[in-house]
Amino acid sequence: KIEPDEERLGINICDKPLTSEDDFSDIKRDQITSGKISYDPKTRTLTLEEAVIQMTGPLENAIDFDDTLVLKGANNEISSGRSAALSSGSPLTIKGEGAAVFTGEENCGIYIYNRSKLTIADGCTVTSNGKWAVSGNSYNLQEALLIDNATLKAKSTSNDGGGVIGFKEITLKDCEILKPTGAKIAKLTDDEGLTYMGIALDGKAVKGEVVIAPRSVGVAQVETSPRA
């Protein structure tokens, strides 16, 4: 129930809408077990600071949000059971000097839909684990992904999934694919004959781990960085 003076902001935290009744300086939810999540409505910036979210319900996204997500600290851990840990249906930029792990145990770690675009930038480190680690909408395949001088570690937890799949466009700026060796951005075809862009090796979507990092970073350094 929404009270007359309560304003919804189009943001869901722990499957609950963020409203004007929330304390934006320190958002509270039962599933936020440690750390801090704050929101600046003027810049539409959500900040994770050593935040830990553990969702257990079957259809509960941990965070559904667009605009800017800032990472502070190396111990942000966002996880969900049968839904995506992080989802967005409008342009979303993840940035900051910190790191975060997004885990969708039976779904996507990060899911982008509604013809939107995900940008990971500014030197942050994003780890995404799930059946489909980082994915666009498999029904319209119109989403875009940009990695700009940042690190993405995307690991599929299922032989039926994929590391980075389901996008219309994937762009790497000042970055390269470090793992697996020989992997590249390629056009792929799903079981229904739809084509999309993904990270591939030998013409097939990478099922294990994909590591993308700034050109000055080597594999060993990435694997020993915070939240590897």
Side-chain angles (χ1 to χ4, degrees), residues 66-71 74 76 84-102 104 108-130 132-138 140-156 161-190 194-228:
D66 56 73
D67 269 319
T68 304
L69 180 63
V70 172
L71 307 180
N76 294 289
L86 173 64
S87 59
S88 183
S90 295
L92 171 65
T93 296
I94 304 175
K95 65 180 186 177
E97 298 180 354
V101 178
F102 299 96
C108 299
I110 300 176
Y111 174 57
I112 305 301
Y113 61 97
N114 198 31
R115 301 173 183 266
S116 192
K117 180 177 181 179
L118 170 64
T119 299
I120 302 174
D122 279 356
C124 68
T125 297
V126 172
T127 299
S128 186
N129 305 310
W132 305 278
V134 179
S135 179
N137 185 341
S138 61
N140 62 43
L141 302 171
Q142 295 295 310
E143 289 72 38
L145 173 65
L146 168 63
I147 313 297
D148 182 359
N149 191 36
T151 297
L152 170 65
K153 291 177 277 186
K155 185 174 182 179
S156 172
V164 179
I165 62 171
F167 290 94
K168 180 181 180 180
E169 174 184 300
I170 298 175
T171 304
L172 306 184
K173 183 178 180 181
D174 297 324
C175 291
E176 61 185 332
I177 301 170
L178 298 181
K179 187 177 180 180
T181 301
K184 61 183 180 180
I185 300 169
K187 182 179 289 187
L188 300 166
T189 303
D190 68 10
L194 298 174
T195 59
Y196 64 89
M197 302 304 291
I199 304 300
L201 182 66
D202 298 328
K204 298 181 179 180
V206 175
K207 300 292 186 180
E209 185 179 36
V210 173
V211 176
I212 299 169
R215 289 196 176 95
S216 60
V217 177
V219 173
Q221 184 177 342
V222 169
E223 291 185 346
T224 59
S225 64
R227 310 311 307 162

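FYI, side chains are in, hydrogens and waters are out, and symmetry mates aren't considered; it's all heavy atoms of this structure.
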Close side-chain approach of [X] to [Y], heavy-atom, < 4.5 Å:
{"X": "Leu172", "Y": "Ile212", "value": "yes"}
{"X": "Leu92", "Y": "Leu86", "value": "yes"}
{"X": "Ser87", "Y": "Tyr113", "value": "yes"}
{"X": "Val101", "Y": "Asn76", "value": "no"}
{"X": "Phe102", "Y": "Asn129", "value": "no"}
{"X": "Leu118", "Y": "Ile94", "value": "yes"}
{"X": "Lys187", "Y": "Met197", "value": "yes"}
{"X": "Asn114", "Y": "Asn137", "value": "no"}

### Query
Do NZ/NE/NH1/NH2 and the carboxylate oxygens of Lys179 and Glu209 come within less than 4.0 Å?
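The answer is yes: the pair qualifies as a salt bridge.
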
If you look at every heavy atom in [X] and [Y], which pair is closest and at what distance?
{"X": "Gly166", "Y": "Tyr196", "answer": "N-CD1, 3.1 Å"}
{"X": "Val134", "Y": "Phe167", "answer": "O-CE1, 3.8 Å"}
{"X": "Ala154", "Y": "Val164", "answer": "CB-CG2, 3.8 Å"}
{"X": "Thr125", "Y": "Leu71", "answer": "O-CD1, 4.0 Å"}
{"X": "Ala186", "Y": "Ala200", "answer": "CB-CB, 3.9 Å"}
{"X": "Val206", "Y": "Ala183", "answer": "CG2-CB, 4.4 Å"}

### Task
Under the side chain to side chain contact (heavy atoms under 4.5 Å, CB included) rule, what do Asp174 and Ile147 come out as? Steps first, then yes or no, please.
CA-CA 8 Å; Asp174 297 324; Ile147 313 297; over 6 Å; no

Spell out, as yes or no, whether a donor-acceptor pair under 3.5 Å connects the side chain of [X] to the backbone of [Y].
{"X": "Ser156", "Y": "Lys207", "result": "yes"}
{"X": "Ser135", "Y": "Tyr111", "result": "no"}
{"X": "Lys153", "Y": "Ser128", "result": "no"}

### Ile112/Leu145 under side chain to side chain contact (heavy atoms under 4.5 Å, CB included): CA gap, chis, key distance, verdict
CA-CA 9 Å; Ile112 305 301; Leu145 173 65; over 6 Å; no

### Query
Under the side chain to side chain contact (heavy atoms under 4.5 Å, CB included) criterion, do Lys117 and Leu146 qualify, and how do the steps go?
CA-CA 8 Å; Lys117 180 177 181 179; Leu146 168 63; 3.9 Å; yes

Starting at [atom1] of [X], measure out to [atom2] of [Y] and round the result to the nearest 0.5 Å.
{"X": "Leu141", "Y": "Arg115", "atom1": "CG", "atom2": "CZ", "answer": "10.0 Å"}
{"X": "Ile120", "Y": "Lys95", "atom1": "CD1", "atom2": "NZ", "answer": "14.0 Å"}
{"X": "Ile170", "Y": "Lys184", "atom1": "CD1", "atom2": "NZ", "answer": "13.5 Å"}

#### Entry: Audit row: Ile199, Ile185, side chain to side chain contact (heavy atoms under 4.5 Å, CB included) steps and yes/no
CA-CA 5 Å; Ile199 304 300; Ile185 300 169; 3.8 Å; yes

### Query
Just wondering, more than 12 heavy atoms not from Lys168 lying within 6.0 Å of its NZ?
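No.
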
